[in-house]
Asks: 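Sharing a structure with you now.
Remember, it's 1-based here, ligands and their atoms both numbered in the order they're listed. Just so it is clear, the model here is predicted, and its values are computed rather than measured. Start at 1 with the first residue, then count along the sequence.
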Amino acid sequence: MDYRPYDQTPGTVPTAIKILVAGGFGVGKTTLVGSVSEIRPLRTEETLTEASVGIDDLGGVEAKTTTTVVMDFGRITLTDTLLLYLFGTPGQDRFWFVWDELSTGAIGAIVLADTRRLADCFASVDYFEQRSMPFIVAVNCFDKAQRYRTDEIRAALELDPDIPVLLCDARHRECVKTVLVSLVEHAMRTVGRRRTAVATTRP
Ligand SMILES: Nc1nc2c(ncn2[C@@H]2O[C@H](COP(=O)(O)OP(=O)(O)O)[C@@H](O)[C@H]2O)c(=O)[nH]1
Ligand SMILES: [Mg+2]
């Protein structure tokens with residue numbers, strides 16, 4: 001894990017950006033945050049117990065014995081003056097209420113998807129669409145999962161044409177960085193478009 005302190009030159013104020021990582025259970029949120037975080041990611045996991053059998057659907061998820069209860073938290077220095085803080089949100093219906101708290105101040109979200117269980121990310125997509133929160137879809141390409149083209153995934157999720165869809169491997173730092181940059185760029189474009197729309201509708 002490499003740690004790069006941000007630029008502490010007097011007058012240089014680092015910008016901190018908050019990003020959410022959402023998606024279904026076992027899709028790779030904790031893995032993604034852990035791949036890029038310079039600080040040891042804070043994880044709150046609980047061992048899957050008898051009680052969660054039947055509640056936590058394990059179909060298609062290999063060797064998964066823990067589940068995120070509250071959130072993952074990580075940080076990455078993208079440039080000398082740009083820090084990203086990542087919050088992995090719970091991917092299960094019973095933790096939905098946490099999302100509203102976590103969304104405050106976030107510039108956007110990465111919705112992680114697994115093509116074997118694509119429906120698991122519908123709720124996350126709906127959540128960010130309803131709140132007009134910029135988001136992108138990153139497909140975590142599991143080894144045994146069938147590969148689909150991004151346009152096929154876009155069609156299956158009924159996404160607007162401007163929402164980026166990327167294929168990634170949540171275990172690889174460079175791959176995850178590309179996803180993060182894509183989200184930041186998408187969020188900036190969205191904000192830019194909204195500003196233009198407001199400016200042109202003003203009398
Ligand atoms: N083969 C493969 N396994 C992955 C990948 N990402 C995550 N995993 C594994 O899938 C399981 C679930 O990942 P996790 O990050 O805990 O999912 P979360 O519930 O969304 O936080 C873990 O055992 C990971 O090691 C990936 O890109 N490829
Ligand atoms: Mg997790």
Side-chain angles (χ1 to χ4, degrees), residues 1 18-76 84-99 101-103 106 108-128 135-150 152-153 157 164-183:
M1 204 176 298
K18 178 177 177 182
I19 286 175
L20 302 177
V21 182
F25 172 65
V27 76
K29 298 179 297 296
T30 300
T31 306
L32 182 143
V33 173
S35 300
V36 289
S37 187
E38 298 150 346
I39 50 174
R40 185 186 297 275
L42 275 182
R43 284 177 195 157
T44 316
E45 303 253 354
E46 90 181 352
T47 307
L48 287 181
T49 58
E50 288 284 323
S52 44
V53 171
I55 298 172
D56 293 325
D57 174 14
L58 281 167
V61 181
E62 302 89 356
K64 176 106 174 113
T65 53
T66 58
T67 185
T68 304
V69 175
V70 182
M71 63 175 175
D72 302 303
F73 174 71
R75 189 195 70 197
I76 172 170
L84 303 187
Y85 286 92
L86 306 180
F87 293 79
T89 57
Q92 293 151 285
D93 292 351
R94 60 197 168 107
F95 299 124
W96 238 221
F97 66 95
V98 182
W99 285 46
E101 290 291 329
L102 282 183
S103 298
I110 295 162
V111 175
L112 260 186
D114 176 351
T115 54
R116 297 169 300 179
R117 298 149 48 101
L118 203 55
D120 286 6
C121 73
F122 288 172
S124 305
V125 167
D126 285 349
Y127 182 90
F128 297 118
F135 70 95
I136 66 170
V137 172
V139 178
N140 192 14
C141 299
F142 284 84
D143 304 331
K144 291 180 195 147
Q146 193 185 332
R147 298 295 148 103
Y148 293 92
R149 293 192 317 270
T150 52
E152 293 174 308
I153 292 156
L157 292 175
V165 179
L166 286 85
L167 304 178
C168 79
D169 186 325
R171 298 165 300 179
H172 292 145
R173 181 180 165 83
E174 288 309 312
C175 222
V176 175
K177 272 170 87 172
T178 305
V179 171
L180 291 171
V181 169
S182 174
L183 173 63

Asks: Tell me every residue that passes side-chain hydrogen bond (donor to acceptor under 3.5 Å, both in side chains) with Y148, counting only those two or more places apart in sequence or in another chain.
Replies: Q146

Asks: To the closest 0.5 Å, what do you measure between SG (C168) and CG (L112)?
Replies: 5.5 Å

Asks: Which part of T30 is near ligand 1, with near meaning a heavy atom under 4.0 Å away: side chain, backbone, both or neither?
Replies: both

Asks: Out of I110, V111, L84, which one pairs with L183 under the side chain to side chain contact (heavy atoms under 4.5 Å, CB included) rule?
Replies: I110

Asks: Which of the atoms of ligand 1 are close to D169, meaning less than 4.0 Å from one of its heavy atoms?
Replies: 26 (C), 27 (O)

Asks: Return the set of residues passing ring-ring contact (aromatic ring centres under 6.0 Å, His included) with F87 (not counting sequence neighbours), or none when no residue passes.
Replies: F73

Asks: Judged by atom type as modelled, is there a donor-acceptor pair below 3.5 Å linking the side chain of K29 to the main-chain atoms of G23?
Replies: yes

Asks: Is V27 in polar range of ligand 1, meaning some N or O pair under 3.5 Å apart?
Replies: yes

Asks: In terms of atom number and element, which parts of ligand 1 are under 4.0 angstrom from non-hydrogen atoms of K29?
Replies: 15 (O), 17 (O), 18 (P), 19 (O), 20 (O), 21 (O)

Asks: When you measure from the Mg ion (ligand 2) to the N, O or S atoms of T31, does any of those distances fall below 2.8 Å?
Replies: no

Asks: Rounded to the nearest 0.5 Å, what separates atom CG in D143 from atom CG in D169?
Replies: 7.5 Å

Asks: Does any N or O of ligand 1 fall below 3.5 Å from an N or O anywhere on G26, backbone included?
Replies: yes

Asks: If I apply the N/O under 3.5 Å rule, does D72 come out as touching ligand 1?
Replies: no

Asks: Output the list of atoms in ligand 1 that are nearer than 4.0 Å to some heavy atom of D143, sorted by atom number.
Replies: 1 (N)

Asks: Ignoring angles and geometry beyond distance, decide whether G28 reaches within less than 3.5 Å of ligand 1 through its nitrogen or oxygen atoms.
Replies: yes

Asks: On a heavy-atom basis, which atom in T115 and which in A145 lie closest, and how many Å separate them?
Replies: OG1-CB, 3.7 Å

